[in-house]
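Notes follow once the structure below has been shown.
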Amino acid sequence: MAAHTVVDFGHRLLNRLHRGILAVTGGRLGWRIGPMPVVELHTVGRTSGARRSVMLTAPVHDGDTYVLVASKGGDDRHPAWYLNLIAHPDVELTTGGTTVPMRARTASAAERAELWPRITRAYRGYAGYQRKTDRLIPVVICEPRP
């Protein structure tokens with residue numbers, strides 16, 4: 001239980017630091033990490049109903065579609081943001097200061113199989129996260145709402 005608390009605290013701290021970099025630089029820094037765009041995912045809390053947000057990388061970005069990875073660093077639990085979007089798939093993504101309404105869904109097995117090599121090419125750490133956990137790390141596809 002204590003290990004989970006440390007992992008959760010670490011993720012919250014990294015998100016706060018990332019937001020701080022965006023704020024201090026007026027958004028000039030922080031919207032990319034290496035080749036990956038950074039997005040701020042806005043969800044609705046599955047139990048609270050409150051608006052939640054988290055900073056994430058999008059290792060695959062095709063046009064208006066963003067792909068997110070619910071890795072939680074290889075933790076054995078799904079991240080809260082993933083559980084929130086399962087309950088409420090209408091989300092918003094902010095990138096580069098622009099917020100867009102999106103619909104999020106878990107990739108099918110075939111979609112995941114096609115996307116996973118692209119994801120791990122963008123960031124090899126995802127492959128390590130998958131080896132670290134017994135759960136199949138979900139891949140999330142975010143597409144503009146109709």
Side-chain angles (χ1 to χ4, degrees), residues 3-46 50-145:
H4 289 309
T5 302
V6 171
V7 167
D8 294 346
F9 176 77
H11 286 127
R12 282 192 302 274
L13 179 63
L14 286 173
N15 263 274
R16 285 187 186 119
L17 289 171
H18 199 140
R19 285 190 178 106
I21 290 168
L22 286 166
V24 166
T25 66
R28 289 184 307 276
L29 295 177
W31 288 113
R32 292 198 78 74
I33 295 180
M36 296 182 289
V38 171
V39 299
E40 184 173 16
L41 173 68
H42 307 279
T43 61
V44 173
R46 66 194 174 283
R51 182 177 167 94
R52 304 288 185 201
S53 66
V54 62
M55 304 300 294
L56 301 167
T57 55
V60 176
H61 171 223
D62 292 328
D64 293 337
T65 300
Y66 288 83
V67 174
L68 310 176
V69 182
S71 65
K72 197 170 185 170
D75 194 87
D76 60 350
R77 300 165 296 147
H78 291 308
W81 64 262
Y82 177 70
L83 300 174
N84 288 343
L85 69 78
I86 293 300
H88 303 285
D90 285 343
V91 299
E92 293 179 336
L93 282 185
T94 301
T95 186
T98 302
T99 302
V100 179
M102 306 284 271
R103 176 142 311 127
R105 64 181 177 81
T106 304
S108 69
E111 288 171 319
R112 188 185 188 283
E114 184 270 321
L115 288 166
W116 193 252
R118 295 176 64 194
I119 289 167
T120 57
R121 270 195 306 276
Y123 177 61
R124 289 182 302 164
Y126 287 123
Y129 298 156
Q130 185 58 79
R131 285 191 299 273
K132 187 176 165 185
T133 184
D134 290 332
R135 73 180 171 94
L136 183 64
I137 292 175
V139 171
V140 174
I141 299 171
C142 296
E143 299 165 309
R145 278 189 235 161

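Since we're looking at a predicted model, the values are computed, not measured. Atom set for the values below is all heavy atoms of this structure, side chains included, hydrogens, waters and symmetry mates excluded.
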Restricting to non-hydrogen atoms, name the atom on [X] and the atom on [Y] that form the minimum distance, rounded to 0.1 Å.
X	Y	answer
M102	C142	CE-O, 3.3 Å
L85	V91	CB-CG1, 4.0 Å
V69	P59	CG2-CG, 3.7 Å

Spacing of [X] atom [atom1] and [Y] atom [atom2] [to the nearest 0.5 Å]:
X	Y	atom1	atom2	answer
R135	R77	CZ	CZ	9.0 Å
L136	H78	CG	NE2	8.5 Å
R145	R103	CZ	CZ	6.5 Å
R112	T106	CZ	OG1	11.0 Å
T98	E92	OG1	CD	12.0 Å
T99	H42	OG1	NE2	4.5 Å

Does a side-chain heavy-atom distance below 4.5 Å link [X] with [Y]?
X	Y	answer
Y129	I137	yes
W116	Q130	yes
I141	L115	yes
L93	T95	no
D134	D76	no
E111	R105	yes
L68	W81	yes

**OP:** Flag yes if more than 12 heavy atoms outside D90 fall under 6.0 Å of its CG atom; otherwise flag no.
**Re:** yes

Original post:
Short question: side chain of E40, backbone of S53 - any donor-acceptor pair under 3.5 Å?
Top reply: no

Subject >> Short side-chain to backbone donor-acceptor contact, K132 and G73, under 3.5 Å >> reply: yes

Subject >> Donor-acceptor side-chain pairing of Y126 and T57 below 3.5 angstrom >> reply: yes

